[in-house]
Enquirer: 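A single structure is presented below for examination.
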Amino acid sequence: MRLLVLGGDAAGMTAASLVLRRAPDTEIVVVERGSHTSYSMCGIPYYVGGEIETSEDLVVRTPEEFQQQGMTVHMGTEAIAIDPQARTVTVRVLATGEEREERYDELLYALGAHPSVPDLPGLAEHGYVVHTLDEGERLRTALDRRDDVKSVVVVGAGYIGMELAEALVERGLRTTLVDMAEQVMGTLDPDMAAHVQGALEDFGVRLGLGERLERIDADDAGCRSVQTDRDCYEADLVVLAMGAKPNVELAAAAGCRVGETGALAVDRGLRTNVEHVWAAGDCVESTHLVSGQQVNVQLGTHANKQAKIAAINLTGGDTVFPGVVGTAVTKVCQWEIARTGLSEREAEAAGLDGVTASFTGTASAGYMPDPGTVHVKMMAERGTGRVLGAQLVGTGNVGKRIDTAATWCQLGVRVADAQLFDLSYAPPFGGVWDLLAVAARKLVSALDLEPRL
């Protein structure tokens, strides 16, 4: 078998490696547009901020290491057309413009996602997109070399935008975070996002929320300011973190079906509707196990799991990727921020009747020195009592707890049962009643369920 892999990051190289272990005689050819394979995109904000010294620290395995395993890896090469009848892909070498055809028996499409820069004045010329390691290196180089950069505007207040804003303040730069939404981190409910907004402002990040970007003003010396529909912000440099769209155009042109999310529709075995074409990672949609709807969640955790499922099936296995519950965690300033399942808005859109419980507790036992703070919100379905989602914003032990809530969401656990789960306890980690158990108890009462503890 000749396996052609388009995309050399998380999904592509994870699948290629497992295929090689399961079927050592497979000829594997990888086509990658950039300069790196298998790196941590999530680590880029920490590299930009200087917390991580070199970009090589983010690389898990180099192209040379994959080649030593027996793969052929073509770097600086992009796929430009797929012919599913001939089972060939036309590729172009970026440095020379040379084009050639690569044959395949099976094709894994793992081209991920990338921000599309709006057609606004000055944006393409002066905006730094930070989605690949190459782009992260470009921004870090500019910050290291340019003494004239004093003020930076970050456009986009999602995970990456917030982490970059914090990193830039750490570098001593006046930083403004702009987003068209009225809140940061749109995957949180507004009341939970408010805690994060306060932390950012206390840290020194200026917020411009509910503002639509209009243009970047520049002169011969470079960028000078960012203009929104409400205000004008001084900016020597602009960073674009506006979210990413799945790279599906090439697959769609070859006949692969694109779902309502804008990502490729695949079955649970990661097959597209085109024979011999598989897809995994940020470019595919998955089933949300709470709502039952199709979603496109762009995280390395899913990309790696999907890649392994695709690799098993490519080599004669028969297994499935069940879906996702939208679990995510990050750290901004002193706050750990985590969510899983559905937000109130998402539950309403899915036609689910959710009831919420919100309260503030401590990260460790209240009598411990500096017990910290955790804002808790959990939602359960009226009638069934199953856990629909949870959100936590706090100063400790948030990651531990969100994983428990994610398990409840994925398995459809009812709050009446969740309140009695055997969760760990020690004073440095929380009270006798874990915060999630407290939330479950509150929902049992709100939903008029039994037993009420």
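Atom set for the values below is all heavy atoms of this structure, side chains included, hydrogens, waters and symmetry mates excluded.
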Enquirer: Looking only at atom types and distance, does a side-chain atom of Asn296 sit under 3.5 Å from a main-chain N or O of Asp282, one as donor and one as acceptor?
Expert: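 Answer holds: yes.
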Enquirer: Gln294 side chain to Glu260 main-chain N or O, any donor-acceptor pair under 3.5 Å?
Expert: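 Pair absent, no side-chain N/O of Gln294 close to backbone of Glu260.
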Enquirer: How about Glu275: does its CD atom have over 12 heavy atoms from other parts shown lying under 6.0 Å from it?
Expert: no
Enquirer: Mind checking whether Ile80 and Val91 have side chains closer than 4.5 Å, heavy atoms only?
Expert: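 With C-beta onward as the side chain, the pair stays apart.
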Enquirer: So with a 6.0 Å cut-off around CZ of Arg103, is the heavy-atom count from everything else above 12?
Expert: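 Counting neighbours around CZ of Arg103, more than 12 heavy atoms of other residues, nucleotides or ligands fall under 6.0 Å, so yes.
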Enquirer: Would you kindly check if the NZ (Lys) or CZ (Arg) of Arg206 is within the cone defined by 45 degrees around the ring axis of Tyr233 and under 6.0 Å from the six-membered ring centre?
Expert: no
Enquirer: Could you tell me whether a side-chain N or O of Thr287 sits under 3.5 Å from a main-chain N or O of Leu289, the two making a donor and an acceptor?
Expert: no
Enquirer: Does Gln69 use its side chain to pair, donor to acceptor, with the backbone of Met71 at less than 3.5 Å?
Expert: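 Flag not set: sc Gln69 to bb Met71 has no pair under 3.5 Å.
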Enquirer: Salt bridge or not between Asp144 and Arg140? Use side-chain N to carboxylate O under 4.0 Å.
Expert: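 Yes.
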Enquirer: Taking atom CZ of Arg33 as the centre, report whether more than 12 heavy atoms of other residues, nucleotides or ligands fall under 6.0 Å from it.
Expert: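 No, the 6.0 Å shell around CZ holds no more than 12 heavy atoms from other groups.
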Enquirer: Quick check: are there more than 12 heavy atoms from other residues, nucleotides or ligands sitting under 6.0 Å from CG of Asp119?
Expert: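 Open.
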Enquirer: Taking Glu234 for the side chain and Arg224 for the main chain, is one N or O donor matched with an acceptor at less than 3.5 Å?
Expert: no
Enquirer: Heavy-atom count around Glu64 CD within 6.0 Å, excluding the residue itself: above 12?
Expert: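 For Glu64, atom CD is crowded (more than 12 foreign heavy atoms under 6.0 Å).
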Enquirer: When you compare the side chain of Leu435 with that of Arg401, does any pair of heavy atoms fall below 4.5 Å?
Expert: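 Counting from C-beta outward, Arg401 and Leu435 do come under 4.5 Å.
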Enquirer: Tell me, with the steps shown, if Val277 and Cys256 meet side chain to side chain contact (heavy atoms under 4.5 Å, CB included).
Expert: CA-CA 8 Å; Val277 179; Cys256 295; 3.9 Å; yes
Enquirer: Are any non-hydrogen side-chain atoms of Val196 and Leu188 less than 4.5 angstrom apart?
Expert: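 Yes, close enough: below the 4.5 Å cut-off.
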Enquirer: Using a strict 4.0 Å threshold on nitrogen-to-oxygen distance, state whether Arg2 and Glu102 make a salt bridge.
Expert: yes
Enquirer: Using only atom types and a distance under 3.5 Å, with no angle test, would you say the side chain of Arg61 pairs donor to acceptor with the backbone of Thr37?
Expert: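 The answer is no, because no donor-acceptor pair under 3.5 Å joins these two groups.
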Enquirer: Given 3.5 Å as the limit, does a donor-acceptor pair link the side chain of Asp179 with the main chain of Leu209, or not?
Expert: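 No; judged by distance alone, with no hydrogens or angles, the pair does not exist.
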